[in-house]
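Note that these values count all heavy atoms, side chains included, but never hydrogens, waters or copies made by symmetry. In what follows, chains are A, B, ... by sequence order, proteins preceding strands, each numbered from 1.
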Amino acid sequence: MEEQIKGGISAALKALYNHDLAAEDIALQPTRKEFEGTYTFVTFPFARFSKKNPEETGNEIGEYIVENTSVVSDFNTVKGFLNISISESSQIESFSEMFNGADLSASPIFEQAPTGKTVVVEYSSPNTNKPLHLGHLRNNFLGNSVSRILKAAGNDVHKVQIINDRGIHICKSMLAWLRFGEGETPDSSGLKGDHLVGKYYVAFDKEYKKEIAQLVSEGISQEDAEKQAPILLEAQEMLKKWEAKDPEVYALWEKMNGWVYAGFNATYQKMGVDFDQLYYESDTYLIGRDRVLEGLEKGVFFKKEDGSIWVDLTDEGLDEKLLLRKDGTSVYMTQDIGTALMRFDDYPGLSQLIYTVGNEQEYHFKVLFLILKKLGYEWASSCYHLSYGMVDLPSGKMKSREGTVVDADDLMQEMASTAKTRTEELGKIDGFTPEQAEELYEMLGLGAIKYFLLKVDPRKRMLFNPEESIEFQGNTGPFIQYTHARISSILRKAEQLGVSLVDIQFNEIGQVDQMEKDLIHALGQYSEKLTLAANTYSPAIIAQYVYDLAKDYNRFYAELSIFNESDKTLQQFRVALSALTAETIKVCMGLLGINVPDRM
RNA sequence: GGCCUCGUAGUUCAAUGGAUAGAAUAGAAGUUUCCUAAACUUUAGAUCUAGGUUCGAUUCCUAGCGAGGCUACCA
């Protein structure tokens with residue numbers, strides 16, 4: 001329908017002013033509520049071709065498209081804005097094309113042509129020395145949702161993560177556990193493995209700070225003290241032993257990482273995210289190291305007097321960057337080079353590699369992509385850093401070491417329990433078994449968090465106030481879930497009453513209400529919203545869209561009765577409209593990784 | 001210091017350069033003999049400042065003010 005209007009305008013411009021503008025280059029926007037019409041075309045830019053004022057230009061184009069297209073019934077021009085009204089019959093017709101009888105999921109609105117592209121999306125990628133927190137939730141939900149969106153848009157998508165299972169941070173937890181742990185295990189303590197290991201990471205930091213304070217009191221400068229604290233030196237020693245595969249250190253490392261993985265897996269399962277392939281830094285860092293040494297031979301990198309290896313990026317307006325320490329051990333960058341190589345080996349013909357990583361690492365990725373390019377890999381240009389903003393607390397940034405974090409497990413637990421309280425208050429659990437009720441609470445709690453984190457533009461940093469729990473009313477996940485439950489209830493009743501959805505005589509529908517027109521229009525927007533969301537890697541587009549759709553439905557629901565409608569064809573039409581709305585809500589929420597209930 | 005983001009109702013978020021800047025929440029006032037009131041309706045409330053480009057600027061450019069991030073032989 002939109003295409004027909006654009007085509008009509010394009011033809012009008014040609015016929016009236018001999019101006020060439022392809023239909024797909026014409027921008028239509030939704031007409032503002034206070035004006036009559038569905039689409040609005042801005043005529044200001046065309047006044048210079050028509051040699052008339054924008055209003056007259058609009059009138060001329062309006063007259064032309066009313067006469068020459070079948071869908072436009074009327075128009076009005078206000079200043080330079082041509083408001084186009086769609087005829088009622090073509091709106092009903094466009095719905096009948098969208099509505100595919102009872103097989104809703106096969107509706108043409110959800111069809112997307114395959115792009116033939118393979119895309120790898122990396123997300124999560126935690127360090128294995130502490131449990132996941134709210135920031136990881138944003139990362140996981142974003143990466144997972146972007147994967148689903150890209151898949152729905154016709155791409156072959158693979159979800160991966162790199163597990164940062166080596167490095168000084170792990171050694172810190174290990175060392176603290178050896179020193180203070182007294183053999184404590186997840187079994188003996190009842191703590192989840194990742195939480196147990198995180199506890200020793202904090203313990204390390206406490207001891208480290210104590211030693212620094214001690215050194216400073218002995219007259220050593222703060223800076224030097226930070227470098228010389230015995231416990232830090234010991235951790236560094238441990239990392240060297242690990243790289244040398246010292247059996248004792250290696251066994252401890254495997255044991256503690258095992259605890260963490262068990263904990264992470266439980267958390268991922270709760271979150272409803274998963275991965276097609278896992279990469280471990282302990283596997284990739286050596287590949288990276290070899291490439292760095294190769295690059296050194298080729299003269300891409302250089303060695304400093306102390307033996308450390310660097311890349312010079314001053315030509316690019318950046319700094320010099322360390323790639324291998326003087327003791328030969330790897331840094332973050334080293335392993336990332338190896339990881340990228342492995343990915344392009346594992347996925348031949350890969351069109352794009354997307355890294356879902358916080359915006360604090362923008363510099364890192366800029367440097368990484370430049371290094372890959374310098375090493376001569378042409379695919380370097382298909383790497384993309386999906387950079388998202390941090391989740392801040394009212395007190396500022398979250399810091400694991402200082403304990404100012406919102407723990408992922410706790411938050412999910414808390415939200416499910418809030419959902420339970422709310423549901424019980426509203427007295428809506430009649431007929432639920434205890435298991436079904438539990439399932440509902442988790443679905444609602446998780447829906448609330450996911451929607452809360454995904455409705456915001458990923459690029460922007462956002463605020464989370466733990467004092468105010470995430471809302472269940474208004475622009476929230478549960479609001480949309482509720483709308484779906486309401487429609488499900490309608491559909492159950494329709495089935496009981498034997499309202500058929502397969503033989504609707506759309507041409508017999510006389511008049512439809514504005515609420516119904518709005519819904520039809522909203523449903524027709526799914527495809528363009530999906531495309532936009534895929535192109536901009538923004539689940540927020542989908543969140544905004546599905547919220548608007550749910551709002552449109554609730555207005556329709558409040559104003560128009562379905563089962564009291566005496567015109568049976570109109571009744572069928574309204575049930576069909578409800579059914580396709582429910583399906584679209586389900587699909588969109590699915591893109592966000594959120595499940596919707598049939599009852600709540 | 002240099003580089004990169006971002007400044008919109010009390011608060012949390014929207015707005016491919018377009019009309020009288022949308023929502024939600026908190027505030028005020030309503031709507032249950034009728035399909036689920038986690039809903040609906042009404043109401044009040046905002047573009048950091050100063051310039052510039054444009055028919056038109058929240059959006060683009062310059063300067064200032066403010067917030068955050070990066071600038072590690074941490075990851």
Participant: To the nearest Å, give me how far apart NZ (Lys428(A)) and C1' (A39(B)) are.
Facilitator: 8 Å
Participant: What distance, rounded to whole Å, do you find between the two P atoms, one in U59(B) and one in G68(B)?
Facilitator: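 Approximately 23 Å lies between the P atom of U59(B) and that of G68(B).
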Participant: When you measure from the side chain of Ser145(A) to the backbone of Leu142(A), do you find a donor-acceptor pair of N or O atoms at a distance under 3.5 Å?
Facilitator: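 No; judged by distance alone, with no hydrogens or angles, the pair does not exist.
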Participant: Which value, in whole Å, describes the distance between the P atoms of nucleotides U12(B) and A37(B)?
Facilitator: 32 Å
Participant: Is a side-chain donor-acceptor pair under 3.5 Å present for Glu122(A) with Ser125(A)?
Facilitator: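 Per modelled atom types, Ser125(A) and Glu122(A) side chains form a pair under 3.5 Å.
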Participant: When we call it a touch if two heavy atoms are under 4.0 Å apart, what does Lys326(A) touch: a base, just sugar-phosphate, or nothing?
Facilitator: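 Answer is base: heavy atoms of Lys326(A) come under 4.0 Å of a base.
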Participant: Can you check the Tyr557(A) OH to U32(B) C1' distance for me, whole Å?
Facilitator: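 Nearest whole value for this atom pair: 12 Å.
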Participant: G51(B) and U58(B): how far apart are their P atoms, nearest whole angstrom?
Facilitator: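 Here G51(B) and U58(B) have their P atoms 14 Å from each other.
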Participant: Counting heavy atoms from C-beta on, name the nucleotide in C35(B), A75(B), U20(B) closest to the side chain of Glu34(A).
Facilitator: U20(B)
Participant: Please list all pairs passing the salt bridge (Lys or Arg N to Asp or Glu O under 4.0 Å) test where one or both residues lie in residues 559-578 of chain A, with sequence neighbours left out.
Facilitator: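 Every salt bridge (Lys or Arg N to Asp or Glu O under 4.0 Å) pair that includes a residue of residues 559-578 of chain A, provided the two are not neighbours, is Glu516(A)-Arg574(A), Glu565(A)-Arg574(A).
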Participant: Nearest to the side chain of Ile490(A), which nucleotide is it out of A38(B), A14(B), C35(B)?
Facilitator: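 Shortest atom-to-atom distance from the side chain points to C35(B).
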Participant: Return the CD to OG1 distance between Gln335(A) and Thr284(A), rounded to the nearest 0.5 Å.
Facilitator: 4.5 Å
Participant: With heavy atoms under 4.0 Å as the rule, sort Val42(A) into base, sugar-phosphate or nothing.
Facilitator: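 Base, at least one base heavy atom under 4.0 Å.
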Participant: U41(B), A39(B), A75(B): which one has an atom nearest the side-chain heavy atoms of Arg555(A)?
Facilitator: U41(B)
Participant: What does Asp598(A) touch in the nucleic acid at a heavy-atom separation under 4.0 angstrom: a base, only the sugar-phosphate, or nothing?
Facilitator: base
Participant: How about Phe479(A) and Phe472(A): are their ring centroids closer than 6.0 Å?
Facilitator: no
Participant: What's the closest nucleotide to the Asn554(A) side chain, out of A39(B), C6(B), C73(B)?
Facilitator: A39(B)
Participant: Considering only atom C1', compute the distance from A72(B) to A67(B) and round it to an integer number of Å.
Facilitator: 24 Å
Participant: Taking the P atom of each, how far is C4(B) from A46(B), in whole Å?
Facilitator: 34 Å
Participant: Is the glycosidic torsion of U32(B) within 90° of 0, making it syn, or is it anti?
Facilitator: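 Here U32(B) takes the syn form, which means its glycosidic angle is within 90° of 0.
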Participant: Among G18(B), U36(B), C73(B), which is the nearest nucleotide to the side chain of Arg599(A)?
Facilitator: U36(B)
Participant: Nearest whole angstrom, please: distance from the P of C70(B) to the CD of Gln361(A).
Facilitator: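 To the nearest whole Å, that distance equals 9 Å.
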Participant: From the options G18(B), A14(B), A24(B), select the nucleotide whose nearest atom is closest to the side chain of Phe44(A).
Facilitator: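 Minimum distance to the Phe44(A) side chain belongs to G18(B).
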Participant: Could you tell me whether a side-chain N or O of Thr43(A) sits under 3.5 Å from a main-chain N or O of Pro54(A), the two making a donor and an acceptor?
Facilitator: yes
Participant: Could you check Glu471(A) against Trp310(A) and say which one's nearest nucleotide on RNA chain B is further toward the 5' end?
Facilitator: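 In this pair, the answer is Glu471(A).
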Participant: What does Tyr482(A) touch in the nucleic acid at a heavy-atom separation under 4.0 angstrom: a base, only the sugar-phosphate, or nothing?
Facilitator: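 Base, at least one base heavy atom under 4.0 Å.
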Participant: Under 4.0 Å between a Lys/Arg side-chain N and an Asp/Glu carboxylate O for Lys227(A) and Asp224(A)?
Facilitator: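 Looking at Asp224(A) together with Lys227(A), the answer is no, because their closest N to O distance does not fall below 4.0 Å.
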Participant: Between C1' on G56(B) and CZ on Arg48(A), what's the gap in Å once rounded to a whole number?
Facilitator: 15 Å
Participant: In whole angstrom, give me the gap between the P atoms of G1(B) and A23(B).
Facilitator: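 42 Å, rounded to whole Å.
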Participant: If you go through the side-chain atoms of Thr483(A), does one of them form a donor-acceptor pair with the base of A38(B) closer than 3.5 Å?
Facilitator: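 No, the side chain and the base share no sub-3.5 Å donor-acceptor pair.
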Participant: Name the nucleic acid region contacted by Leu454(A), choosing base, sugar-phosphate or nothing; use a 4.0 angstrom heavy-atom cut-off, strictly under.
Facilitator: nothing
Participant: When the distance from CG of Asn475(A) to P of C40(B) is rounded to whole Å, what number comes out?
Facilitator: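 About 11 Å, once rounded to whole Å.
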Participant: For Phe35(A) and A19(B), are the ring centres under 5.5 Å apart with planes inclined under 30°?
Facilitator: yes
Participant: May I have the distance from Asp552(A) (atom CG) to U41(B) (atom P), rounded to whole angstrom?
Facilitator: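 Whole-Å distance recorded here is 10 Å.
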Participant: Looking at the base of A38(B), is there any donor atom on it, or on the side chain of Thr476(A), that sits under 3.5 Å from an acceptor on the other one?
Facilitator: no
Participant: Lys366(A) side chain N/O closer than 4.0 Å to the phosphate oxygens (OP1, OP2) of C70(B)?
Facilitator: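 For Lys366(A), the contact criterion (side-chain N or O under 4.0 Å from OP1 or OP2 of C70(B)) is not met.
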Participant: I want to verify a distance call: between A39(B), A24(B), A67(B), whose nearest atom is closest to the Tyr547(A) side chain?
Facilitator: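 The answer is A24(B).
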Participant: Across the strands shown, which category fits Leu318(A) at heavy-atom distances under 4.0 angstrom: base, sugar-phosphate, nothing?
Facilitator: nothing
Participant: Using the C1' atom as the point on both nucleotides, what is the distance between U16(B) and A57(B), in whole Å?
Facilitator: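 Straight-line distance between the two C1' atoms is 14 Å.
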Participant: So which nucleotide from A38(B), A75(B), C6(B) ends up closest to the side chain of Asn127(A)?
Facilitator: A75(B)
Participant: Salt bridge or not for Asp457(A) and Arg459(A), using N-O below 4.0 Å?
Facilitator: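 Result for this pair is yes, salt bridge flagged.
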Participant: Can you tell me the distance, in whole Å, between the CG atom of Leu323(A) and the P atom of A75(B)?
Facilitator: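 Answer to the nearest Å: 12 Å.
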Participant: Counting side-chain heavy atoms from C-beta on, which of A75(B), U41(B), C70(B) comes nearest to Glu360(A)?
Facilitator: C70(B)
Participant: Please tell me if Ser489(A) has a side-chain N or O lying less than 4.0 Å from either OP1 or OP2 of U36(B).
Facilitator: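 Result: yes.
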Participant: Check for a donor-acceptor pair, side chain of Tyr545(A) on one end and backbone N or O of Ala522(A) on the other, with a separation under 3.5 Å.
Facilitator: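 Yes, Tyr545(A) side chain to Ala522(A) backbone: donor-acceptor pair under 3.5 Å.
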Participant: Reading RNA chain B from 5' onward, which residue's closest nucleotide shows up sooner: Val78(A) or Ala419(A)?
Facilitator: Val78(A)
Participant: Can the ring centroids of His364(A) and Tyr332(A) be said to lie less than 6.0 angstrom from one another?
Facilitator: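 Yes - the distance between ring centres of His364(A) and Tyr332(A) falls below the 6.0 Å cut-off.
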Participant: Under the 5.5 Å and 30° test, is Phe81(A) stacked on the base of A19(B)?
Facilitator: yes
Participant: Between G68(B), A37(B), U12(B), which nucleotide gets closest to the side-chain atoms of Arg461(A)?
Facilitator: G68(B)
Participant: Can you tell me how far OG1 of Thr423(A) sits from CD of Glu425(A), rounded to the nearest 0.5 angstrom?
Facilitator: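 Atom-to-atom, Glu425(A):CD and Thr423(A):OG1 are 9.0 Å apart.
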Participant: Does Arg32(A) have a side-chain nitrogen or oxygen under 4.0 Å from the phosphate oxygens OP1 or OP2 of A21(B)?
Facilitator: no
Participant: Give one of base, sugar-phosphate or nothing for Asp457(A), where a contact means two heavy atoms less than 4.0 Å apart.
Facilitator: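 Result for Asp457(A) = sugar-phosphate.
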Participant: Give me the distance, rounded to whole Å, that separates G18(B) from C60(B) when you measure between the C1' atoms they each carry.
Facilitator: 15 Å
Participant: Have a look at Pro54(A) and say if it touches a base, only the backbone sugar-phosphate, or nothing, with a 4.0 Å heavy-atom cut-off.
Facilitator: nothing
Participant: A75(B) C1' sits how many Å from Tyr279(A) OH, rounded?
Facilitator: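 After rounding, the reported distance stands at 20 Å.
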Participant: So what stems show up for RNA chain B if we need 3 or more Watson-Crick or G-U pairs in a row, all under 3.5 Å?
Facilitator: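 Detected stem regions: B:1-7 with B:65-71, B:10-13 with B:22-25, B:27-31 with B:39-43, B:48-52 with B:60-64.
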Participant: Show your reasoning for whether side chain to side chain contact (heavy atoms under 4.5 Å, CB included) applies to Leu137(A) and Leu453(A).
Facilitator: CA-CA 8 Å; Leu137(A) 289 182; Leu453(A) 291 172; 3.9 Å; yes
Participant: Base of A19(B), side chain of Asn83(A) - is there a donor-acceptor contact under 3.5 Å?
Facilitator: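 When only heavy-atom distances are counted, Asn83(A) does reach the base of A19(B) through a donor-acceptor pair under 3.5 Å.
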